[in-house]
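Structure record follows, encoded as structure tokens.
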Amino acid sequence: MAFPEDVFRACRRIPKGKVATYSQIARMIGRPRSCRAVGNALNKNRSPFVPCHRVIRSDLSIGGFAHGTKKKAEMLKKEGVSIEKGRVLRACVIR
DNA sequence: CTAATGACCATTA
DNA sequence: ATAATGGCCATTA
């Protein structure tokens with residue numbers, strides 16, 4: 001019933017090399033309109049077991065990150081996620 | 001209690 | 001393509 005925990009749990013289901021959108025996470029936890037609040041929750045994540053860097057915007061741009069968008073992008077890249085001009089390729093997004 | 005704040009989104013121009 | 005707009009909602013002050 002704790003919103004942040006639900007968000008973190010959903011986040012952990014994203015495999016390495018793939019990403020999900022804030023909106024998708026919101027739907028996963030049964031709160032389809034809480035995409036903005038999802039970002040708020042992820043912002044406070046401090047656990048290395050929660051891959052919050054795998055969550056991006058619905059337009060496939062990188063989105064925010066507590067330690068800088070820069071870091072987020074390189075972490076993804078290091079995991080094998082292809083980014084094109086500030087955009088993640090569709091193929092890397094979870095269906 | 002209300003008001004402000006954001007790692008957002010879809011629509012419109 | 002970009003920018004503005006209104007909506008959305010959990011959290012925090």
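In what follows, every chain begins at residue 1, and chains take the letters A, B, ... in the order their sequences are listed.
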Any strand, both distances under 3.5 Å, Watson-Crick or G-U wobble: dT11(C) pairs with dA4(B)

Are there over 12 heavy-atom neighbours, none belonging to Arg12(A), within less than 6.0 Å of that residue's CZ? no

Ile29(A) CD1 to dA10(C) C1', in whole Å, measures 10 Å

The side chain to side chain contact (heavy atoms under 4.5 Å, CB included) partner of Ile83(A) among Leu60(A), Val19(A), Ile62(A), Leu89(A) is Ile62(A)

Whole-Å distance, Gln24(A) CD to dC8(B) P, equals 15 Å

*Would you say dC8(C) has OP1 or OP2 under 4.0 Å from some side-chain N or O of Ser34(A)?*
no

* Asked: OP1 or OP2 of dG6(B) sitting under 4.0 Å from any side-chain N/O of Arg36(A)?
  -> no

Per nearest nucleotide of DNA chain B, the residue lying toward the 5' end, Asp59(A) or Asn40(A), is Asn40(A)

| task | Kindly indicate, with the supporting measurements, whether the criterion side chain to side chain contact (heavy atoms under 4.5 Å, CB included) is fulfilled by Val7(A) and Asn45(A). | result | CA-CA 10 Å; Val7(A) 172; Asn45(A) 174 51; over 6 Å; no

With the side chain defined as heavy atoms from C-beta on, Ala37(A) is closest, among dC8(B), dC9(C), dT11(C), to dC9(C)

When rounded to whole Å, the CE to C1' distance for the pair Met75(A) and dA7(B) reads 14 Å

From CZ of Arg57(A) across to C1' of dC8(C) the rounded distance in Å is 15 Å

*asked:* At 4.0 Å (heavy atoms only), tell me whether Phe3(A) reaches a base, stays on the sugar-phosphate, or touches nothing.
replied: sugar-phosphate

Here the distance between atom P of dC9(C) and atom CG of Asp6(A), to the nearest Å, is 16 Å

Requested in this report: Tell me, with the steps shown, if Glu79(A) and Lys18(A) meet salt bridge (charged side-chain N to carboxylate O under 4.0 Å, His left out).
Outcome: CA-CA 8 Å; Glu79(A) 291 185 348; Lys18(A) 294 268 169 182; over 6 Å; no

When rounded to whole Å, the CZ to P distance for the pair Arg33(A) and dA10(C) reads 9 Å

Lys44(A) atom NZ is separated from dA13(C) atom C1', nearest whole Å, by 12 Å

Under 4.0 Å between a side-chain N/O of Ser58(A) and OP1 or OP2 of dC9(B), yes or no? yes

Rounded to whole Å, the CG-P distance (Leu60(A) to dC8(B)) equals 14 Å

Check: Counting just side-chain N and O atoms, does Arg31(A) come under 4.0 Å of either OP1 or OP2 of dA10(C)?
Finding: yes

_Considering every strand and a 4.0 Å limit on heavy-atom distances, what is the contact class for Ala41(A): base, sugar-phosphate, or nothing?_
nothing

Between Gly63(A) and Lys72(A) the two heavy atoms that sit nearest each other are C-NZ, 3.9 Å

